[in-house]
Amino acid sequence: MKDNVAQIILGLTKSFKTMQMYGMNHSSFRHFFEPFYQKTAEHLRDHNEISFKVEKFQMVHDDQVVYKEEEMDMSIAFRLFKDGIRNISFMSGLTSDELLLFVDVISRPAKDWDVALGLWECNFTHITFYVIEAEEVPDYRVPDVPIQYVDYDEKLKQLILREKIDIDAVIIPDLDLDEVEDLKKCISIEEKIAILPVVIKTLGDYLLTDRSEEIIDGLIEILESCVNMKDFYNARRIAYKLKDIPKINFIERFENETTIASFRETLNVPEDEVFNEFLAFLGFFGEKSIPFLMELMPFIERTDRLNALRHRVAHIAEDNPSPIASFLHSKEPGTVLNAINILGLIKPADIAKMLDPLVIHPNREVRLAVIEALGNAGQIDIVIKYINDPDVEARIRSLRILSKFKRPEIYPVLLERIKHGSFLRLDFAEQREIFSVLTANAGDDFVETMQGILFKRKWFGKKKYRVMRRLAALALNQIGTDESIAVLKNGMQKRNKDIKFACETVLKERSS
Amino acid sequence: MNIYIAGKTVVGLLYPLFKAVQVYDVNNNVVINTAQKFISGIEELLSTFSSLEFVRYRDYVFFNKQRLKYEIDSYANLQFMNTQLQMLNIKSITFKRGITQEEVIDFASIFKEDRITFQRKLAEKKFQHIDIEILKSDKEPDEPIENGQMAKRTYFKALKVTKNLMQNLWTGRPVDVKSSRRVIYGLVDSISRDEFGILALTTIKNFDEYTFNHSLNVGILSLALGQRIGLDRKNLARLGTSGILHDIGKVEISKELINKIQKLTNDEWETLKLHSNYGVREILKTRGLDETSMFAITVAYQHHWNYDGTGYPLREKEDEPTLFSRIVRICDSYDAMTTARGYQPVPYLPHFALRVIWSNQNRLFDPILAKVFTQLLGIYPVGSCLELSSGEIGVVMRQNPSTIDLPNIKIVVDSSSNKIDGRMIDLAAHTEIKIIRPTYPQIYGINPAAYFL
Ligand SMILES: [Fe+2]
Ligand SMILES: [Fe+2]
């Protein structure tokens, strides 16, 4: 056993020195620390504890000096002794982390470092130590009490009167099982819940009566640490309390690239609640933050979250969308998309002007987004340009938007279009959309023209004519006037199978 | 079953056994029944564990090498076990399979004896299934200073630091936070080693420097209550700090107002009440916003909040005081009542103060904490002066953990009204001496605190 203790002390000494020289992450330290822990743990398997008495320059175990070092700076014993530690014990169950922390605490630079305080604040479970205050008890004598008559009964009477208590009440302070459970619950709540919300509430309440600078600074300090910890729930609560206080800008400090870039880790957290708290907190941010928030967007994985963040930013940029517009020229199509989308949400008056240069943007997604944004903003002058877009989806989307608006001037344009031979080469979906827009902007001759297409073989070759009849029937049905329905009913009587079928189909749909 | 719960179970079985043997004859049915219960309990555990070993080291009791924690429902049992082992100088007790009823009763009976008789009888009996190991020396291992002396050092160091802290704040000088952090841990150590030692020092009151002693006393009382309900050391440190700083806001209020003897006007009273708010600010200023400060801030703000929703500063319905604030609420009231002040030249007897707290549970105080506080201080709290049936006057020196109305006392006035340095009496053991009633120490020119120094 003596050997064992000697090895433990050797391990401690070497670990202490290498920790001081190289720090805990260095391999030299590890080289000595691992066996030190092994030896100690081994010893503790057979004993409950190993305990060392600490003297000025030496440590004693079982009445034997096991450590001696008289060089103050180098002496572990002296370091412990000078701060009042007189005994150190390691108990069975000691973990490697505890021992590591212990070595770390005792080997920090001595000046201004109170080893006892350091060890106390570690709250070790398996390391105990005994500290004495070096100071002697002052020569304190309680003041003499002059003999003074006190009328017991009179005092008792006063007490009963003032405190309104039953002086003879039976006192049985035992707790029943429910009370014990209650108390345990209270304690575990106190131990687990963060005190933070209570402090925020307290400081907030304080501000209601007195806008003391220290309190405001305190809240801002907590706010900063919440933002650092990405605790947006509490951050938002603080911001809410500070927002009405004039002349302080508590959010400015966060409106910079570094802070906002650090929010990246929150964008894809699994918990929706956390993300939503984050979004809500962003509600306090101002214009300055826009460029950095825009840079954040490409890192979002989920579309719904991306949309939510776009809404947030749209809200921030509501009064002045120009910072968003500047992103329209970005080389990153993703960023351009975000900018277009946000402008679509804000719907600024000059959105058409802003987006006009993008009509011929080489990226199809960008063009689609422009259509969408302009459509939302009701700016269809540009949307019209897309009906000749090389991309079918772009054309269809623009047509869909156009079908919702009345613009008589596009009627003749589209009419020319369907008469053109190329029309028959289009997808049925697009053909339908074109007819749909045509219907929405129907001119005076609409029914007549449709009737012509339905019944006659005007303009087109025989081969594809079945499709044209169907489209015309659909359009007549869609416009739904008495006149147009009469045409369809008439069509049902025709001998031509295609005409009859087309009219029957739409009228059946109509009646159901 | 885990080791920890098993340990708690055995301690829970031992306590009634020892108690039964103390009160009844060994042939009494109560004794036989508790012994039977003990045997069946430990036989069951011995089907899981090969042996049941208790080791006492310092003030810790280990069961099968696991340290047993003090908790609210096992406090009395464990405390009893710890004191017994310490008194009889026992290092360890191990129970093994095959234990008999006769063995158990014999074993429990010798625990009534003093240390010498115990060791003699132990040598005679030679238990087959119970191993008892005696410590080689009767000193606590490696304790350079005796507990009482240690408690005093800690108390006065803490008082000095508290006084410095408040005076520096008062005069706008920088504050040494490090030393107050250190002092708290000293107090936590002291309380965990011997709660009565340092608790007794809260009887030191100081008329002229009321706030310093009061702050420290509230800190100590809170720590003792916190330990009773089983808070860990980290939380005790937070609680102690909060207790000491609860009235720190008073440094923003003029000394004249604080020490005013006459009845306060309404305006003055409103100003004084603001100390709860100011406390928040002072703690922010001095300590910044570490975790402990956050607890202290809440306590400073809430320590005049009552259990029933009344109190100041005004609050919303759903705001409830935290556990720490409820603890400090009780300890603050108790210390204030038992201290002489300008407007209260004769303070409440500790016994009365305790009754005020008892009667106001649910209204002002958390009822569960009020009960635990009563368990802690007893019916006649430490420092009480008692008139005895012998015609003598005694000062309560420490509680008996198991009998809250029969404390350990020291005779300080003899039956002919002479002040004396008399004997110590355990009233639980000397039932022939009865307590007539508590009395005022002023009548005899006594300051109870003097007996603890
Ligand atoms: Fe107060
Ligand atoms: Fe107070």
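A, B, ... follow the sequence lines: proteins, then strands. Residue 1 opens every chain. The structure presented is a predicted model; accordingly, all values stated were derived computationally and were not measured.
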Worksheet item: Would R437(B) count as a cation-pi partner of Y152(A), with NZ or CZ less than 6.0 Å from the six-membered ring centre and within 45° of the ring normal?
Response: yes
Worksheet item: T374(B), L453(B), I229(B): which one forms the most heavy-atom pairs within less than 4.5 Å of chain A?
Response: I229(B)
Practice prompt. Measure E214(A) against the heavy atoms of chain B and call it side chain, backbone, both or neither at under 4.5 Å.
Written response: both
Practice prompt. Mark yes or no for whether Y67(A), through its side chain, and I76(A), through its backbone, hold a donor-acceptor pair below 3.5 Å.
Written response: yes
Discussion item. Given heavy-atom pairs under 4.5 angstrom as the criterion, report whether the side chain, backbone, both or neither of L159(A) touches chain B.
Written reply: side chain
Discussion item. What part of S225(A) gets within 4.5 angstrom of chain B, counting heavy atoms only: side chain, backbone, both, or neither?
Written reply: neither
Discussion item. Between W120(A) (side chain only) and G186(B) (backbone N and O only), is there a donor and an acceptor less than 3.5 Å apart?
Written reply: no
Worksheet item: Taking the six-membered ring for Trp, are Y380(B) and H351(B) parallel (under 30°), tilted (30 to 60°) or perpendicular (over 60°)?
Response: parallel
Practice prompt. Flag this pair as yes if the NZ/CZ of R86(A) is under 6.0 angstrom from the six-membered ring centre of F81(A) and inside a 45 degree cone about the axis; otherwise no.
Written response: yes
Response to the item:
Whatever's closer than 4.5 Å to a heavy atom in chain B on K164(A) counts as neither
Worksheet item: More than 12 foreign heavy atoms under 6.0 Å from CG of L314(B): is that the case here?
Response: no
Discussion item. Under a 3.5 Å threshold, yes or no: a donor from one side chain and an acceptor from the other, between Q375(B) and Y75(B)?
Written reply: no
Worksheet, complete the sentence: When the 4.5 angstrom heavy-atom criterion is applied to R162(A) and chain B, the contacting part is side chain
Worksheet item: Any luck finding a side-chain donor-acceptor pair between T202(A) and D205(A) under 3.5 Å?
Response: no
Worksheet item: Do F90(A) and F102(A) have their ring centres less than 6.0 Å from each other?
Response: yes
Practice prompt. Answer with side chain, backbone, both or neither: which region of D168(A) has an atom nearer than 4.5 Å to a non-hydrogen atom of chain B?
Written response: backbone
Worksheet item: Is it the side chain or the backbone of I172(A) that comes within 4.5 Å of chain B heavy atoms, both, or neither?
Response: backbone
Worksheet item: What part of D166(A) lies closer than 4.5 angstrom to a heavy atom of chain B: side chain, backbone, both or neither?
Response: backbone
Worksheet item: Between D210(A) and chain B, which part of the residue has a heavy atom less than 4.5 Å away: side chain, backbone, both or neither?
Response: side chain
Practice prompt. Heavy-atom distances under 4.5 Å only: say whether E213(A) touches chain B with side chain, backbone, both or neither.
Written response: neither
Worksheet entry | Contact leader toward chain A among T154(B), V188(B), D319(B), where contacts are heavy-atom pairs under 4.5 Å | D319(B)
Discussion item. Heavy-atom pairs under 4.5 Å with chain A - which of K152(B), K157(B), R281(B) has more of them than the others?
Written reply: R281(B)
